[in-house]
Amino acid sequence: MYFNSATNWTKEHFGKRIQKIPIDGGFSCPNRDGTLSSAGCLYCNNKSFTPFYTDGKSSISQQLKTGTDFFSKRYKCDDFFAYFQTYSGTYAPIETLEKRYREALRFPNIKGLIIATRPDCISKQVVDLLLKLKQETYIRVEIGVESFEDEVLKAINRCHNFQTAIKAFSLLREVEIDTSAHLIFGLPKESIESAKNYALILTDSGVNFVKLHHLQIVDGSRLAEVFKNNPDFIKLHTLNSYIEKVSEFLSYLKKDIFVERFINRVPKDLLIAPKFEDINENKFTQKLIEYMSKNSLSQGCMI
């Protein structure tokens, strides 16, 4: 086994494929509404991962109906996770959060919630709500960490620091809520040792899952303007350099952390660079395994 796939975890716990249905819960973000910043993260254009079947006005139930109809036909599956993906999925009053989560859980064949958010949007009150829901269904929280280096976080205008992520992990670990860490490789000012260091931090953090992708220049983001005016501001990964980075990361990641994803799919009309032509998740995984096999690497082999 070269790495521990989250697909295996799902089959072990549910006995079958459970398809995530991305939905827009109508949340905002403290990095956009003026609480921390109005500019947002340097690389972000939320349209690049907003569900194609929502215009921001559709109800959660309507989105789930459209999403489950689409994905059930595409992947021949009939059970689903409601995935609160857009903006920060825990950034609202507790009463609002519970109302929206429960609307999703009432939809037929929803087996649990996966909630994407920022580490500074995890509080004791939020965790208490999630713990209550955990008694009824499956709950996973996806923390957008992006980097564990404060210099990087400052450069991309994340408006939180490394310790904020560690605190969020700790709050969720204390009540045994499954947690996924989301990381981006190739951000401005990232250290050469980032892959090894991030993996070792996660190994000690108590997280259950990790989700990766390389930095992409997306049209409509502030980074797109920076890249246009100063393309040397950042060195983007090639396919080969990213495979090497991921392999190094996995080598220092303990074996019982499950890997959800290696690359991110940005609509072609929004992606400026880099463009890994015809490389989807399956093809990337094949190339990654070939590289790890050739170099006698596997998840956790260096620890």
Report yes if the distance between the aromatic ring centroids of Tyr242 and Phe262 is under 6.0 Å, otherwise no. no
Under 3.5 Å, is there a donor-acceptor pair between the side chain of Ser241 and the main chain of His237? no
Test your reading of the model: is there a side-chain donor-acceptor pair from Gln85 to the backbone of Ala116, 3.5 Å cut-off? no
Check: Tyr91 ring centroid to Phe27 ring centroid under 6.0 Å: no
Return the minimal non-hydrogen interatomic distance between Phe249 and Ala199, and the atom names on each side. O-CB, 3.2 Å
Can you name the nearest heavy-atom pair linking Gly112 to Thr137, along with the distance? CA-OG1, 3.3 Å
Counting only heavy atoms not in Lys20, do more than 12 fall under 6.0 Å of its NZ? yes
Partner of Leu288 under side chain to side chain contact (heavy atoms under 4.5 Å, CB included), picked from Leu297, Leu250, Ile263, is Leu250
For Tyr43 and Ile217: C-alpha separation, side-chain torsions, deciding distance, then whether side chain to side chain contact (heavy atoms under 4.5 Å, CB included) applies. CA-CA 7 Å; Tyr43 56 82; Ile217 310 297; over 6 Å; no
All heavy atoms of Ala181 vs all of Leu202, minimum pair found to be CB-CD2, 3.7 Å
Between CG of Leu97 and CD1 of Ile115, what distance do you get to the nearest 0.5 Å? 8.0 Å
Hits for side-chain hydrogen bond (donor to acceptor under 3.5 Å, both in side chains) against Asn4, two or more places apart or cross-chain, chain-then-number order -> none
Has Asp150 got a side-chain atom pairing as donor or acceptor with Asn161's backbone, closer than 3.5 angstrom? no
I'd like to check the side-chain hydrogen bond (donor to acceptor under 3.5 Å, both in side chains) partners of Asn197; sequence neighbours left out, ordered by chain and number. none
In one Ile/Leu/Val/Met/Phe/Trp/Tyr side-chain cluster, 4.5 Å: Phe258, Leu253: no
Among all residues two or more places apart in sequence or in another chain, which pass the side-chain contact (heavy atoms from CB on, under 4.5 Å) test with Leu131? Lys134, Gln135, Val175
Is Glu136 salt-bridged to Arg102, cutoff N-O under 4.0 Å? yes
Output yes when Asp69 and Lys65 qualify as a salt bridge under the 4.0 Å nitrogen-oxygen rule, no when they do not. yes
Give a yes or no answer on whether the side chain of Gln216 reaches the backbone of Pro274 with a donor-acceptor pair at less than 3.5 Å. no
With sequence neighbours excluded, residues passing side-chain hydrogen bond (donor to acceptor under 3.5 Å, both in side chains) with Ser147: Tyr198
Could you list the residues that satisfy side-chain hydrogen bond (donor to acceptor under 3.5 Å, both in side chains) with Asn208, not counting sequence neighbours? none
Main-chain N/O of Ser61 paired to Glu103 side chain as donor or acceptor, under 3.5 Å: yes
State whether the side chain of Gln62 and the backbone N or O of Ser59 hold a donor-acceptor pair below 3.5 Å, judged by distance alone. yes
Is it true that Arg261 and Glu281 have a side-chain N and a carboxylate O under 4.0 angstrom from each other? no
Pair Asp24-Phe84, side chain to side chain contact (heavy atoms under 4.5 Å, CB included): steps then yes or no: CA-CA 6 Å; Asp24 183 344; Phe84 286 89; over 6 Å; no
Output, in order, the C-alpha distance, side-chain angles, deciding distance and verdict of side chain to side chain contact (heavy atoms under 4.5 Å, CB included) for Thr117 and Tyr87. CA-CA 7 Å; Thr117 191; Tyr87 293 109; over 6 Å; no
Checking the side chain of Ser5 only, and the main-chain atoms of Thr7 only, is there a donor and an acceptor separated by less than 3.5 Å? yes
For Ser88 and Cys121 the tightest heavy-atom approach is CB-SG, 4.2 Å
Determine, step by step, whether Met292 and Gln299 satisfy the side chain to side chain contact (heavy atoms under 4.5 Å, CB included) criterion, reporting the C-alpha distance in whole Å, the side-chain angles of both residues, the deciding distance to 0.1 Å, and the verdict. CA-CA 9 Å; Met292 295 181 75; Gln299 185 172 337; 5.7 Å; no
With rounding to the nearest 0.5 angstrom, report the CD1 to NE2 distance, Ile143 to His160. 9.5 Å
Strictly under 6.0 Å, is that where the ring centroids of His13 and Tyr138 end up? no
Honestly curious: do Val259 and Phe14 fall in one hydrophobic cluster under the side-chain, below-4.5 Å linking rule? no
Trace of the side-chain hydrogen bond (donor to acceptor under 3.5 Å, both in side chains) decision for Ser194 with Glu149: CA-CA 8 Å; Ser194 59; Glu149 299 174 276; 4.9 Å; no
N/O donor-acceptor pair under 3.5 Å between Asn229 side chain and Glu225 backbone: yes
Is a side-chain donor or acceptor of Ser293 paired with a backbone partner of Ile289 at a separation under 3.5 angstrom? no
Testing Leu130, Thr179, Asp178 for side chain to side chain contact (heavy atoms under 4.5 Å, CB included) with Arg140, which one passes? Asp178
Is Asp128 salt-bridged to Lys124, going by a charged N under 4.0 Å from an acidic O? yes
Partners of Asp78 by side-chain contact (heavy atoms from CB on, under 4.5 Å), sequence neighbours excluded? Lys16
Determine whether a donor-acceptor pair (N or O, by modelled atom type, separation under 3.5 Å) exists between the side chain of Thr68 and the backbone of Leu64. yes
Quick test of your reading of the model: are Glu95 and Arg100 salt-bridged, counting only N-O distances below 4.0 Å? no
